[in-house]
Structure formats: structure tokens, C-alpha cells
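Heads up: the structure comes next, in C-alpha cells.
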Amino acid sequence: MKEKELRRSLSVFPIGTVMKLTDLTARQIRYYEEQQLIQPQRNDGNRRMYSLNDIDVLLEIKDYLAEGINMAGIKHIYEMQEQEQEKKQAALKRPVTDEDVRRIFHDELLQQGRLNNDEQGHSTLFHTHKPL
DNA sequence: ATTCTAACA
DNA sequence: TGTTAGAA
């Protein structure tokens, strides 16, 4: 089932189409590329060509933004997803130790909270209101 | 007609 | 982020 992923990776849409599909401005789309969140291909005329995967990411970014997550936070999310895939491939060769399980669980709980803080070190604490 | 880069009353 | 100028 690799053929499908291959097609989703084909860069076939010009930015105008992506704008309509995502309801994002060209400025925003290019900016997110600058932030390394997508890496559209370029055609012969130096025009950006986007894949379905690129569009999916753009749509996700829009959702994250709507949820109040800033660029720094969104970058972290994708950085983490990359790291998680590296883990899954490492886990394929090396049996999972219980220390691994601890770390994975820990990161997962963190992932839900860290997102509302920016890099400048806010203290936007979100408390799990436990009644005393 | 579309998209690109660079820049900012 | 918006917008705009000048080029491709």
C-alpha cells in the first residue's frame, strides 16, 4: 500500500489552487514554507507546486492556529512527530524497555499541555483542577 | 492571468 | 500578516 502515499506526495497544485482549498493567503502559505512546515516542489518556471500531503499539513496548521497555538508551538508538534517516527523504527530493532514506555507516556502527557506556551517562556499554566 | 521576491506610508 | 511594485 505504498502507491497511495506516493501519489499524495506528487506536487501537482499551483498556489492558487491551494489557496482556495485551504482558505489561506499566498503570504501565509509561503510563510509556513519558510518555517519549514512544508517543502513544496518548484516547477520549471520556479513556481511552487504542492502535493496533497502539503495541503493536509496546511489544513492542520490552520486548525492549530485556530486553537491558539503559535508558530513555535506548531513547529514543536511536527518536530515531535518526526522524533516519534524515529522511535518507532528504533523500536523495530531494539525491544522496548520499560524505561522507554515511561518516557513515551511522559511525553504524551506533556504534549497536551506545553502547546499553549511560547518560546519566550510564558507561564500560561493550565491546571488540572483537582478538587481538594 | 498567475506567481515570485523583496520591501514597508 | 497585509499589501504592493516590478519581473518572469
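Chain identifiers are assigned alphabetically (A, B, ...) following the order of the sequence lines, protein sequences preceding nucleic acid strands; residue numbering begins at 1 within each chain.
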(message) Between A:Gln28 (side chain only) and A:Thr25 (backbone N and O only), is there a donor and an acceptor less than 3.5 Å apart?
(response) yes
(request) Figure out the CD/C1' separation between A:Gln35 and C:dT1, and round it to whole Å. (result) 13 Å
(request) Verify the contact: side-chain N or O of A:Tyr32 to OP1 or OP2 of C:dT1, cut-off strictly under 4.0 Å; return yes or no. (result) yes
(message) For A:Lys88, is there an ion pair with A:Glu84 - N to carboxylate O distance below 4.0 angstrom?
(response) no
(request) Please state how far atom CD1 in A:Ile15 lies from atom C1' in B:dA1, giving the value in whole angstrom units. (result) 15 Å
(request) Let me know the distance between CD1 of A:Ile29 and P of B:dT2, rounded to the nearest Å. (result) 15 Å
(request) Give, for atom NZ of A:Lys4 and atom OG of A:Ser9, the distance between the pair rounded to the nearest 0.5 Å. (result) 12.0 Å
(message) Without decimals, in angstroms, what is the distance between A:Asn43 CG and B:dC4 P?
(response) 9 Å
(request) Ignoring backbone atoms, establish whether A:Arg47 has a side-chain N or O less than 4.0 Å from OP1 or OP2 of B:dT2. (result) no
(request) Find the distance A:Met49:CE to B:dT3:C1' and express it as a whole number of Å. (result) 11 Å
(message) Without decimals, in angstroms, what is the distance between A:Arg30 CZ and C:dG2 P?
(response) 12 Å
(request) Would you check if the side chain of A:Lys62 reaches a backbone N or O of A:Thr22 as a donor-acceptor pair within less than 3.5 Å? (result) yes
(message) With nearest nucleotide decided by heavy atoms, which residue, A:Gly45 or A:Tyr31, maps closer to the 5′ end of DNA chain C?
(response) A:Tyr31
(message) Strictly by Watson-Crick or wobble contacts shorter than 3.5 Å, is anything paired with B:dC4, and which nucleotide is it?
(response) C:dG6
(message) Can you measure A:Gln28 atom CD to B:dC4 atom P for me and round it to whole angstrom units?
(response) 15 Å
(request) Specify the separation, in whole Å, of atom CD of A:Glu33 and atom C1' of B:dA6. (result) 15 Å
(message) It should be established whether A:Thr25 places a side-chain nitrogen or oxygen under 4.0 Å from OP1 or OP2 of nucleotide C:dT1.
(response) no
(message) What's the separation between atom CE in A:Met80 and atom CD in A:Gln83, rounded to the nearest 0.5 Å?
(response) 7.5 Å
(message) By nearest heavy atom, map A:Arg27 and A:Met19 onto DNA chain B; which one lands nearer the 5' end?
(response) A:Met19
